[in-house]
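What follows is a set of notes on a single structure, which appears directly below.
Atoms considered below: every heavy atom in the structure, side chains included; atoms not considered: hydrogens, waters and symmetry mates. Note that this is a predicted model, so its numbers are computed, not measured. Note that the numbering runs from 1 along the sequence shown for the chain.
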Amino acid sequence: MTKPKAFVENYLENVRKLFHYYKSLGEKAMAQLSNEQLHQRPDEHSNNIAVLVKHLSGNMLSRWSDFLESDGEKSFRNREQEFVDTLMTHEALMAYWEKGWSCLFKAIDPLQVEDMSRIAYIRNEGHSVVEAINRQLGHYSFHVGQIIVIAKAIKGADWQSLSIPRGGSAAFNQQKFEQPKSRKNFI
C-alpha cells in the first residue's frame, strides 16, 4: 500500500508533468500556424487562438501569483480585457504565453507534501491545494484542447498530429507491447 506522503509526492510530480504536457501541446499546435492564422476565428461568436492564449495567461498570472498568500482573483486582473484580441505579433503572443506558464511553475514547483493541507482562495472560496490545482488543470486542458481543435480545423489536411496519427494505432500499440512492463509516466 502506498503511504500518504509517497502518494502526495507522486501526485505533485504527476500534475507538474501534466501542466508541462498541456503547455507543450499548445505550443506544438500554435507552431503549425502563421501569425494570421493565430487570429482567425472559427465564427463570429468564437475566440481565436490568440485570445485563448491571452485568457489562459491572464488566468495563470492571477491564480498563481502569491499562490496561498492572496486570493487567486487578483485586483490587477481584467478578465474581460483577456477576450479582446490585442497581442498582434507572434512574439508578443508567445511572450505572454510564457509569462503565464512561468508564473504557474514558479508556484507549483516548490510545493511540498505539507502544503497540501493549506487552503487557496479563488474569489473568496476556499479550496484545498489539490482542489485548486485540479481546478486549474481542468481549465487549462480545456482551453488547450480548444487551441488544438481550432488549429487542426485551420490546417486541415496539412495538420501534423500531436498524438497517434489516424491509422497508426496498431503499430503504436505493437511497439508498446513489445517493451517490458514498466512504471513510468506516459508523457
Side-chain angles (χ1 to χ4, degrees), residues 1-43 46-57 59-60 63-64 90-91 93-109 111 113 116 129-187:
M1 180 172 188
T2 305
K3 295 186 181 195
K5 182 176 180 179
F7 176 82
V8 174
E9 288 169 344
N10 179 262
Y11 168 79
L12 286 169
E13 178 185 355
N14 184 253
V15 295
R16 288 178 185 121
K17 287 179 180 178
L18 284 169
F19 279 123
H20 280 286
Y21 174 68
Y22 288 115
K23 178 180 186 284
S24 171
L25 286 177
E27 290 167 353
K28 289 175 183 173
M30 290 186 285
Q32 297 186 44
L33 302 175
S34 68
N35 188 59
E36 180 180 287
Q37 290 170 324
L38 291 169
H39 297 273
Q40 187 175 324
R41 292 187 323 168
D43 59 60
S46 298
N47 295 312
N48 62 33
I49 291 171
V51 165
L52 290 169
V53 167
K54 192 174 174 188
H55 169 60
L56 278 166
S57 188
N59 180 279
M60 290 175 190
R63 294 293 183 265
W64 301 104
H90 183 76
E91 294 76 20
L93 187 70
M94 294 314 293
Y96 204 64
W97 172 263
E98 284 298 329
K99 186 177 180 180
W101 286 103
S102 292
C103 183
L104 178 151
F105 292 123
K106 184 179 175 185
I108 67 168
D109 284 348
L111 290 176
V113 172
M116 297 299 106
V129 169
V130 171
E131 291 168 334
I133 291 170
N134 289 346
R135 174 179 173 160
Q136 298 316 120
L137 183 62
H139 183 198
Y140 304 156
S141 64
F142 173 79
H143 286 309
V144 169
Q146 288 179 309
I147 289 169
I148 293 167
V149 168
I150 293 168
K152 186 175 180 181
I154 290 169
K155 293 301 287 185
D158 293 330
W159 173 253
Q160 299 296 312
S161 178
L162 304 181
S163 62
I164 304 166
R166 186 176 286 181
S169 298
F172 182 83
N173 285 343
Q174 181 179 348
Q175 177 193 19
K176 289 292 186 180
F177 284 114
E178 287 174 353
Q179 299 172 15
K181 286 185 178 183
S182 64
R183 169 82 173 93
K184 60 184 171 186
N185 194 292
F186 79 99
I187 303 168

Lys106 vs Ser102, side chain to side chain contact (heavy atoms under 4.5 Å, CB included): CA-CA, chis, key distance, verdict: CA-CA 6 Å; Lys106 184 179 175 185; Ser102 292; over 6 Å; no

Here the gap from Leu33 atom CG to Ile154 atom CD1, rounded to the nearest 0.5 Å, amounts to 5.5 Å

inquiry  = Between Val51 and Arg41, is there a side-chain heavy-atom distance shorter than 4.5 Å?
reply    = no

d(Asn14 CG, Glu9 CD) to nearest 0.5 Å is 13.5 Å

For side chain to side chain contact (heavy atoms under 4.5 Å, CB included), just list the numbers for Gln40 and Asn48, CA-CA rounded to whole Å, side-chain angles, deciding distance to a tenth of an Å, and then say yes or no. CA-CA 6 Å; Gln40 187 175 324; Asn48 62 33; 5.7 Å; no

Could you go through the side chain to side chain contact (heavy atoms under 4.5 Å, CB included) check for His139 and Asn59 one step at a time?
CA-CA 10 Å; His139 183 198; Asn59 180 279; 3.3 Å; yes

Any side-chain heavy atom of Phe142 sitting closer than 4.5 Å to one from Leu56? no

For Lys155, does the NZ atom have more than 12 heavy-atom neighbours from other residues, nucleotides or ligands under 6.0 Å away? yes

Between Tyr140 and Leu104 the two heavy atoms that sit nearest each other are CE1-CD1, 3.5 Å

Shortest non-hydrogen pair, Val130 vs Tyr11, comes out as O-OH, 3.5 Å

So CD1 of Ile148 and CE of Met30: to nearest 0.5 Å the spacing works out to 9.5 Å

### Message
Just by distance, no angles: are the side chains of Gln32 and Asp158 close enough, under 3.5 Å, to form a donor-acceptor pair?
### Response
no

Nearest heavy-atom approach of Ile108 to Trp64 is CG2-CZ3, 3.4 Å

Here the gap from Ser141 atom OG to Gln146 atom CD, rounded to the nearest 0.5 Å, amounts to 10.5 Å

Tightest non-hydrogen contact, residues Gly26 and Ile147, listed as O-CG2, 4.4 Å

Tightest non-hydrogen contact, residues His90 and Asn35, listed as N-OD1, 3.0 Å

Exactly one of Met60, Lys23, Lys54 clears side-chain contact (heavy atoms from CB on, under 4.5 Å) with Trp97, and that residue is Lys23

d(Lys28 NZ, Ser161 OG) to nearest 0.5 Å is 10.5 Å

Trp159 and Ala151 have their tightest heavy-atom pair at CZ3-CB, 3.6 Å

Exercise for the section: Check the surroundings of atom CD in Glu36: do more than 12 heavy atoms from other residues, nucleotides or ligands lie under 6.0 Å from it? Expected result: no

Interatomic distance, CG@Leu162 vs CD@Glu27, rounded to 0.5 Å, equals 11.5 Å

